[in-house]
J.: 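I have a structure here, written as structure tokens, and I will follow up with some questions on it.
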Amino acid sequence: MKSVLDRNNFSEWYNEILKRAEILDVRYPVKGVYVWYPYGLKLRNLIYGILRALMDEEHEEVLFPLLIRRDELLKEKEHIKGFEEEVFWVTHGGTTELDVPLALRPTSETAMYPIFKVWIRSHRDLPIRVYQIVNTFRYETKHTRPLIRLREITSFKEAHTAHASRVEAEEQITKAIAIYRNFFDRLAIPYVITKRPEWDKFPGAEYTIAFDTLMPDGRTMQIATLHMLGENFAHTFDIRYEAEDGSSKFVNQTCYGISERCVAAVIAVHGDDHGLVLPPPVAPIQAVIVPIIFTSGADKRAEEVKEACNALYHELKGAGIRVFLDDSPDRPGAKYYYWEMKGVPLRIELGPRDLANDSCTFVRRDNFVKWRVPLTTAVPELIKTLDDIQYSLHARAREKLKIRVSDAAELKNAIDGIVALPLCDRERCGKELEETIGASVLGEVLYGAPRTFGKECVICAREAKDVLVARTY
RNA sequence: GGGGCAGUAGGGUAGCCAGGUCAUCCUCGUGGCUUUGGGAGCCAUGGACCCCAGUUCGAAUCUGGGCUGCCCCA
């Protein structure tokens, strides 16, 4: 019978679903890079469409080159320290060795900021808020994993801003957090927001804020980061502006980004043993119509069913629904399994029995509830149902991301999921804790977690903050 | 960062130690007939030894290198 899609073995489930639901083909013969199938790309584009719309409200899209000069990349010392072991280099043009080696961008700060210097002259040029959706390259030495740990991130959605003052830069971080929250809410992906510890911030940043979600195996995955750069890069790249009073000042900068991990999150968080479960806003097909007909013989009823399916298809399509009419010769049961694998939120069955009642049958993908709907109210019922599904998915996912509050006494237990506890901000304590419990410190809680038990660091008993820990991807 | 295992048709496996004749299964492809409200059945047929080199009369099998994947530990 149908082979096992067991969510309890998440690793296996994940690889299997990417293949069977035709998201990614992992057989491309270069480590850490993968091929997008048409269906996977449609899903991806719908997800990005949401983010793009949100970003476009206050950012402008730009496109910077993939290649970065070696000397530019190496300018920011802290920054390059964080990346130097992960950079791919272009060293030759044909058989000629290049005078200046060129890096494939691991991220675009050092590509953009020399140009920011040229663009920014006066306070009137500020603020600058731009973003781009591009591929970035990192020579990952750990085990690569489709959509999660890649050597080519095919769609890094990175924003970069420059401001006249630090206050404005801080405000931009706040705004960006709101944008990202909005984005993940639309994907029905729950998250926690933390300020990363000093030792785990973005190289070159003053501080880093991150979104993490919970995967089915109890580990967290970072799905978005925001970095307060302050004047660090401005000094390195000499990005100054003339203020109203005629003085020359350095800009304050921020940058923030989301990779295709957001696609991985949609797949991993909502999926089940039957396959993908896609939130309606990003489902390439929101409803599939399965005609129940006898293909042999020119049964009169078969013709009527076909006509009814066609009429329904056009009505739904006209209402703006992404609908697909599966009139292939397969048996209905085979179609059910197929579309369940693909994560289509709603299935509409229409056969002679339904037609006799001027109705059709709705089946929800998220909970398999099945009911009969009059054809005359199919459109409003469908729209309402898609909303319900979205709401249920979000509620279900939130329910799974429950945070356990723990104190020092409980730390001997294996960490499963996200645990909140009091910890001071010294690196020594953080590292000691990580070693003791075999999990990572996500950082100080900014959103999504309850208060912890105490104010004393679980390691050294000094004054502490509320901190989240988890095993991570 | 350290260690281990593996790669045979679209997918899953056997064969490898001990070199030769050999596959097999499937919800795979193709054609045909019969079926049809939850993965239909029968018949016919197609298709592979990860890549490069070496050893050899002869390599899926042995040796070396490469590429790719998976697991465990830090």
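Every chain is numbered from 1, with letters handed out A, B, ... down the list of sequences. We use all heavy atoms of the structure for the numbers below, so side chains are in, but hydrogens, waters and symmetry mates are not.
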J.: Does the base of B/G10 carry an N or O that pairs as donor and acceptor with the side chain of A/Arg27 under 3.5 Å?
T.: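 No, no donor-acceptor pair under 3.5 Å.
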J.: Find the partner of B/U68: check Watson-Crick (N1-N3 plus N6-O4 or O6-N4) and G-U wobble (N1-O2, O6-N3) distances, both under 3.5 Å, and reply none if neither fits.
T.: B/A6
J.: Who does B/G58 pair with, Watson-Crick or G-U, both distances under 3.5 Å?
T.: none
J.: Can you identify which nucleotide, out of B/G37, B/G39, B/G1, has its nearest atom closest to the A/Thr141 side chain?
T.: B/G1
J.: In whole Å, what separates the C1' atom of B/A59 from that of B/G20?
T.: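 Nearest-Å result for B/A59 against B/G20 at atom C1': 10 Å.
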J.: Report, as a single string ordered 5' to 3', how protein heavy atoms within less than 4.0 Å touch nucleotides 68-74 of chain B: B base, S sugar-phosphate only, - not at all.
T.: SSBBB--
J.: Could you state the CZ-C1' distance from A/Arg331 to B/U35, rounded to the nearest angstrom?
T.: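 These atoms are roughly 7 Å apart.
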J.: Starting at atom CD1 of A/Ile293, determine the distance to atom C1' of B/G38, rounded to an integer number of angstrom.
T.: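 Answer to the nearest Å: 16 Å.
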J.: Look at A/Thr361 and B/G37 and indicate whether a side-chain polar atom (N or O) is within less than 4.0 Å of OP1 or OP2.
T.: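 No, because none of the side-chain N or O atoms of A/Thr361 sits under 4.0 Å from OP1 or OP2 of B/G37.
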J.: Sort out the partner of B/U24 for me: Watson-Crick or G-U wobble, both distances under 3.5 Å, none otherwise.
T.: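 B/U24 is paired with B/G12.
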J.: Could you list the residues that satisfy ring-ring contact (aromatic ring centres under 6.0 Å, His included) with A/Trp89, not counting sequence neighbours?
T.: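 ring-ring contact (aromatic ring centres under 6.0 Å, His included) check on A/Trp89 returns nothing, list empty.
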J.: May I ask you to say whether A/Arg196 pairs ionically with A/Glu444, meaning some side-chain N is under 4.0 Å from a carboxylate O?
T.: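 Salt bridge absent between A/Arg196 and A/Glu444.
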J.: Looking only at atom P, what distance separates B/C62 and B/C16, rounded to whole Å?
T.: 10 Å
J.: Nearest-Å distance, CZ (A/Arg347) to P (B/G38)?
T.: 10 Å
J.: Provide, to the nearest angstrom, the distance between the CD atom belonging to A/Glu349 and the P atom belonging to B/G39.
T.: 12 Å
J.: How far does the P atom of B/U24 sit from the matching atom of B/U45, given to the nearest Å?
T.: 12 Å
J.: Sticking with atom P, work out how far B/G15 lies from B/A6, rounded to a whole angstrom.
T.: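 It comes out at 12 Å once rounded to the nearest Å.
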J.: Rounded to whole Å, how long is the line connecting atom CG of A/Asp25 with atom P of B/G11?
T.: 9 Å
J.: Tell me whether A/Asp71 at atom CG has more than 12 heavy atoms from other residues, nucleotides or ligands lying less than 6.0 Å away.
T.: yes
J.: Verify whether one side chain among A/Glu97 and A/Thr91 offers a donor that lies under 3.5 Å from an acceptor in the other.
T.: no
J.: Regarding A/Asp354 and A/Arg372, does a basic nitrogen lie under 4.0 Å from an acidic carboxylate oxygen?
T.: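 A/Arg372 and A/Asp354: salt-bridged.
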J.: Under 4.0 Å from OP1 or OP2 of B/G37: is there any side-chain N or O of A/Arg353 that close?
T.: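 A/Arg353 to B/G37 OP1/OP2: no side-chain N or O under 4.0 Å.
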J.: B/G37 C1' sits how many Å from A/Ile289 CD1, rounded?
T.: 17 Å
J.: Quick check: any donor-acceptor pair below 3.5 Å linking the side-chain of A/Asp330 to the base of B/G39?
T.: no
J.: Determine the interatomic distance between C1' on B/A9 and the same-named atom on B/G2; round to the nearest Å.
T.: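 Those two atoms are separated by 37 Å.
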J.: Using Watson-Crick or G-U wobble geometry with both distances under 3.5 Å, which nucleotide pairs with B/A53?
T.: B/U63
J.: Are any of the side-chain nitrogens in A/Arg138 or A/Glu152 under 4.0 Å away from the carboxylate oxygens of its partner?
T.: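 No, no charged N to carboxylate O under 4.0 Å.
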J.: Taking atom types as modelled, find out whether A/Thr110 and A/Glu72 have a side-chain donor-acceptor pair closer than 3.5 angstrom.
T.: no
J.: What do you reckon, do A/Tyr337 and the base of B/G39 stack, with centroid distance below 5.5 Å and planes below 30°?
T.: yes
J.: Is there a donor N/O on one and an acceptor N/O on the other, under 3.5 Å, for the side chain of A/Glu340 and the base of B/G38?
T.: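 Under the 3.5 Å cut-off, the side chain and the base do form a donor-acceptor pair.
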J.: Taking atom P in both B/C71 and B/G29, compute the distance separating them and give it to the nearest angstrom.
T.: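 Looking at atom P only, B/C71 and B/G29 are 29 Å apart.
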J.: Can you see which heavy atom on A/Phe83 is nearest to which on A/Pro203, and at what distance?
T.: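 In terms of heavy atoms, the two residues are closest at CE1-CG, 4.2 Å.
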J.: Expressed in angstrom and rounded to an integer, what is the separation of A/Arg20 atom CZ from B/G10 atom P?
T.: 18 Å
J.: Give a yes or no on whether a salt bridge exists between A/Glu78 and A/Lys81, defined as a side-chain N under 4.0 angstrom from a carboxylate O.
T.: yes
J.: Say we look at B/A14 and B/A48: how far apart would their C1' atoms be, to the nearest angstrom?
T.: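 It works out to 14 Å between them.
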J.: A/Met341 CE to B/G11 C1': how many Å, rounded?
T.: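 Taking CE of A/Met341 and C1' of B/G11, I get 14 Å after rounding.
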J.: Using atom C1' in both nucleotides, what's the gap between B/C22 and B/C49 to the nearest angstrom?
T.: 13 Å
J.: Strictly by Watson-Crick or wobble contacts shorter than 3.5 Å, is anything paired with B/U30, and which nucleotide is it?
T.: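 Pair assignment: B/U30 / B/A44.
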